[in-house]
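Please read the structure below before turning to the comments.
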Amino acid sequence: MTKTARFVLALLALLCLLGSPSLAQQTLGSINGTVTDSSGAVVQNAVVKIQNVATGLEQTANTKADGSFTIADLPIGTYRVTFSRDGFKTEVHSQITV
């Protein structure tokens, strides 16, 4: 085998190793944010409940000390998000798209 043929084969092998299939669109997402009251103060231990409008899938999380929350690995779709805490008015957002 000539030096040129080896180079071409090595180059082809390298291209095969580096070439990866293109990634499809992701089918999972997340909803995250920070819950605050009307004065802008964070609300810790608020219950965040999400429900997929089409499938009924529900998940719940509580806000952390800094008012933040994350609900991950959600199938794409439209969700209803409910925020509640004793002493506060419950708030519902019904058209959240993931």
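Every heavy atom of this structure was used, including side-chain atoms; hydrogens, water molecules and symmetry mates were not.
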Would you name the heavy atoms of T90 and S84 that are closest together and state the gap between them? OG1-CB, 3.6 Å
Pairs involving residues 36-55, ordered by first then second residue, that meet ring-ring contact (aromatic ring centres under 6.0 Å, His included) (sequence neighbours left out): none
Are side-chain heavy atoms of D66 and T34 found at a separation under 4.5 Å? no
Let's go through E91 and H93 carefully: what are the C-alpha distance in whole Å and the side-chain angles of both, what is the deciding distance for side-chain hydrogen bond (donor to acceptor under 3.5 Å, both in side chains) to 0.1 Å, and is it a yes or a no? CA-CA 7 Å; E91 186 164 335; H93 296 266; 2.8 Å; yes
Please examine the side chains of Q44 and K64, heavy atoms only from C-beta on, and report whether any two atoms are closer than 4.5 Å. no
Using every non-hydrogen atom in the two residues, find where A72 and S30 come nearest and quote the distance to one decimal. CA-CB, 3.7 Å
Heavy-atom pair of closest approach, residues S94 and V53: O-CG2, 4.2 Å
Could you check whether any side-chain heavy atom of L57 comes within less than 4.5 Å of a side-chain heavy atom of Y79, counting everything from C-beta outward? yes
If we only count heavy atoms from C-beta on, is the V35 to V42 side-chain gap below 4.5 Å? no
To the nearest 0.5 Å, what is the distance between CG (N62) and CZ (R85)? 9.5 Å
Give a yes or no on whether the backbone of V43 and the side-chain of T63 come within a donor-acceptor separation of less than 3.5 Å. yes
Is the shortest side-chain heavy-atom distance between V92 and R80 below 4.5 Å? yes
Consider only side-chain heavy atoms of I, L, V, M, F, W and Y, link residues closer than 4.5 Å, and tell whether F88 and V48 are in one cluster. yes
Is it the case that one hydrophobic cluster holds both V47 and I96, taking links as side-chain heavy atoms less than 4.5 Å apart, direct or via other members? no
How far does CD1 of I50 sit from CZ of F83, to the nearest 0.5 angstrom? 10.5 Å
Cluster partners of I76, using ILVMFWY side-chain heavy atoms under 4.5 angstrom, listed by chain and number? none
Just by modelled atom types, is the G56 backbone N or O under 3.5 Å from a matching donor or acceptor in the N52 side chain? no
Do the non-hydrogen side-chain atoms of V81 and I31 ever get within less than 4.5 Å of each other? yes
May I have all residue pairs that pass ring-ring contact (aromatic ring centres under 6.0 Å, His included) and include part of residues 28-52, sequence neighbours excluded? none
Measure the spacing between CG of L74 and OG1 of T27 and express it to the nearest 0.5 Å. 11.0 Å
